[in-house]
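Note that this is a predicted model, so its numbers are computed, not measured. Throughout, numbering of the chain's residues begins at 1 and tracks the sequence.
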Amino acid sequence: MKMFNLSAVSIGVRVSLATLLGASASNVYAEDETVQQLPTITVQAEQDNNTYTEKSTASAAKLNLDLKDTPQSVTIFTKQQMEDQLLTSASDVLMNTAGVTAIQYGQEGAGYSTYYSRGFEIKNILRDGIPSSYAAFGGKDMMGLEDTAIYERIEVLKGSTGLTSGSGYPSASLNYVRKRPTEELTGSIKVQGGTWDNYRSQVDVSGALNTDGSVRGRSVALYEQGGSQQDRYHRQNAVFYGALDVDLSDKTTLTSAITLQQVELDDATAHGFPFITNDTPIQLQDYFDREDNAAADYAYSNTEKVNVLLGLEHVFNDNWQAVANYNYTKAKNDRVYAVAGSGSIVFEDSYTNARAGYTLQPGQMVVTSGRFTSTPEVHALDIYTSGKFQALGREHDVMFGINGYSVESDDPSYGRYFTVVDIEGWNGYSEQPTILETGRTVVDEYQLGAFAATKLQLLDPLKLIFGARFSNWERKVTDAEQKENGVFTPYAGLVFDITDQLSAFASYTSIFNPSSNKDANDDYLDPEEGNSVEGGFKFEMYDGRLNASAAYFQMKQDNLGVDTGADQADGTSIYESIDGAEVKGYELSVAGEILPKWNIQAGYTHTDATDANGDVLNTYIPEDTFKIFTSYQWDKLTIGGGVNWQSEFYLDGVTGIEAEAGRQDDYYLVNLMAKYDIQPNLTLGVNVKNLTDEKYKLNVWNGWGAGRSIIGSLTYKF
């Protein structure tokens, strides 16, 4: 039984839009000194920021720090940049983030997607600063489906963030900052269409719902559908977002929001056709290319999410405020996978898999199928207070609080099935097996921590930022249990203002990450531990409208889980724990407004990740990335373009034709955009992605990246 359906979303869009327009159009706005004295949290979230940066962030230590005073590297995607580049999903944003790369198998939302920064997987997720779990998105592989239409900006804080997010994994944290209601009536309607019959329509309306502006609402709704470069594939995505802010007094605001999302994928599955056969090595590009779909016609992936936010913001005085937020998510992912060729495919010799119980003759391949369901419930809580105090003749900042989350799920597990089909004439048809339940997986996980941090103004040019967190963590998966109590996570940063625009910084934090990987004995690995340091320079101009940084980072880690290449009986990977892993590298970035109406975001990252013997930790991800996008507005015309480049990645430990098939040389993707203001509030736009139609691999085993696409759009704002 579905939580909601596409027709219901369509009705909800019309009702909510009519309600907001009707309520707001009749309002007569009056100056109200009491309302004007409310905290600026809401106002700042909705400032008309048409640059590609923000002046400040609270992601590092829950202290509202200028980027120049934040002792870590930060990349921020503003609403303006996401609109210019047509970055409509979290996957789009991450793939355009400097220093972030992905390993993707199968289609987004039906396969397996893992995002990496500084050599490690990105695991720390926050919504409005509230720590959460992959489960809140329906699972790790569903994270890329999150739609950007409901977010004001997305912040990517590089390095370890254990102080605010709990587990201090040394890659990066993602903070999704949602759109807040505004007092002024504003809105937009956008429609777009393009290659592979992709169409999208989106409505965003915000405004006061009473005459004094003390009740404010916002509604965002969208629907999109279309295909991809692969035949038969089809996707539908529907989102509804509603937010309501109510001023209970001149110092207290009640905040609330609800998000519904439904994504349906048909003829989509977990892998693509392999690059090479598993008998006599033969590269398969002459048989199956990037347009060919390995999914059987009964394969699908459906994801549904309901997210509810309830919060309270109170201002004690000009210096102190408190925030309490509760977030609830109910997600459901149901996938039937059916992959042709990923298990076995032969051309010259017969092949027998006694364990799976099938035999292939030349010219045949196997379709591997099964089912996966996940229905997690996630509760998240974030309570903190922050303010300023005077000491030794200077003003300082401090914050303290508690936060954490819990995840509960109880889902069936299913068997794996194998069906033999002919290679010649493959069109997705395969006999569908009866998929039977073989057991259940019960997950009960929670994390709760108390934290505090302060920024001390030691001298006029010198700031010390330090803090600590104590965390309790527990996870039960069916009959297995893991528990860690009283985990101490320190954080320290030093910022020195060389000039008003230039600062030098250094930071240190520890690494603690409970592992969900198992060894050959089916036991969980010990938690990953270590430390992370970073140092460099920050530069800002035009009151924070242009920011640049240069940073060097180094991390050392023990108990790091490494995939051995072998599998458990249930098909999951066997890992081993290694000590002495070391990651070091550097990052250069610039973002914001170079000159009036000329925006840019660019970054270059080099990462060197090795084990204790000096061997590369993960050859599946590139060591170097460079990403740039810039746009310039001239009168009514805005033009822009960018390049995403990354170095080679490859399959280690093989030679000859296997090494050639499992290798992707360095490549670059060129993207262009242009938009023209037909009227002050009506804009016509076009975006071209992968202009040169570059052909590139998504991983070392199977799967190709998207070819050239063209998307036209029409936007009306009021």
Side-chain angles (χ1 to χ4, degrees), residues 3-27 29 41-48 79-80 82-83 88-89 127-128 145-154 176-192 199-225 236-247 253-263 304-311 313 325 327-330 681 713-718:
M3 289 186 267
F4 62 105
N5 57 49
L6 299 175
S7 59
V9 170
S10 177
I11 295 171
V13 170
R14 294 193 292 268
V15 172
S16 61
L17 179 59
T19 302
L20 274 175
L21 287 174
S24 300
S26 61
N27 287 342
Y29 297 103
I41 299 171
T42 301
V43 177
Q44 287 180 344
E46 283 302 325
Q47 286 179 340
D48 184 18
K79 181 176 63 175
Q80 183 67 54
M82 291 188 287
E83 290 177 353
T88 59
S89 69
R127 279 195 173 109
D128 289 312
L145 298 177
E146 188 78 357
D147 203 285
T148 62
I150 69 173
Y151 294 113
E152 189 68 22
R153 65 184 183 275
I154 297 177
Y176 296 86
V177 182
R178 65 187 175 89
K179 292 179 177 178
R180 295 284 295 267
T182 59
E183 185 174 337
E184 180 183 359
L185 175 62
T186 62
S188 65
I189 300 173
K190 184 172 187 175
V191 294
Q192 64 188 57
Y199 302 97
R200 177 181 172 108
S201 57
Q202 178 179 318
V203 178
D204 182 350
V205 182
S206 180
L209 301 180
N210 59 357
T211 55
D212 65 2
S214 61
V215 181
R216 302 171 295 280
R218 186 159 196 162
S219 179
V220 178
L222 68 92
Y223 174 77
E224 66 176 346
Q225 66 176 19
Q236 296 181 91
N237 175 38
V239 178
F240 173 78
Y241 168 77
L244 188 69
D245 286 359
V246 180
D247 297 333
T253 300
L254 176 69
T255 64
S256 61
I258 183 171
T259 306
L260 309 175
Q261 183 177 15
Q262 180 189 63
V263 181
E304 299 173 351
K305 292 180 292 184
V306 177
N307 178 263
V308 178
L309 171 74
L310 187 63
E313 299 170 351
N325 284 319
N327 200 302
Y328 168 80
T329 302
K330 174 65 176 179
N681 55 354
S713 62
L714 187 65
T715 305
Y716 174 73
K717 293 186 177 182
F718 56 89

Using a 3.5 Å distance criterion without hydrogens, assess whether the side chain of [X] forms a donor-acceptor pair with backbone atoms of [Y].
| X | Y | value |
| --- | --- | --- |
| S206 | T182 | yes |
| N237 | E224 | no |
| K179 | A149 | yes |

If you apply the rule side chain to side chain contact (heavy atoms under 4.5 Å, CB included), what do you find for K79 with T148, and how did you get there? CA-CA 9 Å; K79 181 176 63 175; T148 62; over 6 Å; no
Got [X] and [Y] here, is their nearest side-chain heavy-atom distance under 4.5 Å?
| X | Y | value |
| --- | --- | --- |
| V306 | T259 | no |
| L209 | L244 | yes |
| K190 | K717 | no |
| K330 | E304 | no |
| T255 | R180 | yes |
| V177 | Y151 | no |
| Q236 | Y223 | yes |
| L222 | V203 | no |

Can you list the steps and then say if M82 with I154 is a side chain to side chain contact (heavy atoms under 4.5 Å, CB included)? CA-CA 9 Å; M82 291 188 287; I154 297 177; 4.1 Å; yes
Can a donor-acceptor pair be found between the side chains of Y241 and Q261 at a distance below 3.5 Å?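 The answer is no; no qualifying pair exists.
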Flag for D245-T253: side-chain donor and acceptor within less than 3.5 Å: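 No pair is found: no donor N or O on one side chain lies under 3.5 Å from an acceptor on the other.
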Does a side-chain N-to-carboxylate-O contact under 4.0 Å join [X] and [Y]?
| X | Y | result |
| --- | --- | --- |
| R200 | D147 | yes |
| E183 | R216 | no |
| E146 | R178 | no |

Quick one: do I150 and V239 satisfy side chain to side chain contact (heavy atoms under 4.5 Å, CB included)? Show the steps, please. CA-CA 9 Å; I150 69 173; V239 178; 4.1 Å; yes
Using the side-chain contact (heavy atoms from CB on, under 4.5 Å) rule, pick out the option among N325, L309, N307 that qualifies with R127.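 Answer to the side-chain contact (heavy atoms from CB on, under 4.5 Å) test with R127 among N325, L309, N307: N307.
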Which atoms form the tightest heavy-atom contact between [X] and [Y], and what is the distance?
| X | Y | result |
| --- | --- | --- |
| F718 | S188 | CE2-N, 3.8 Å |
| S256 | L310 | CB-CD1, 4.2 Å |
| A208 | G213 | CB-CA, 3.8 Å |

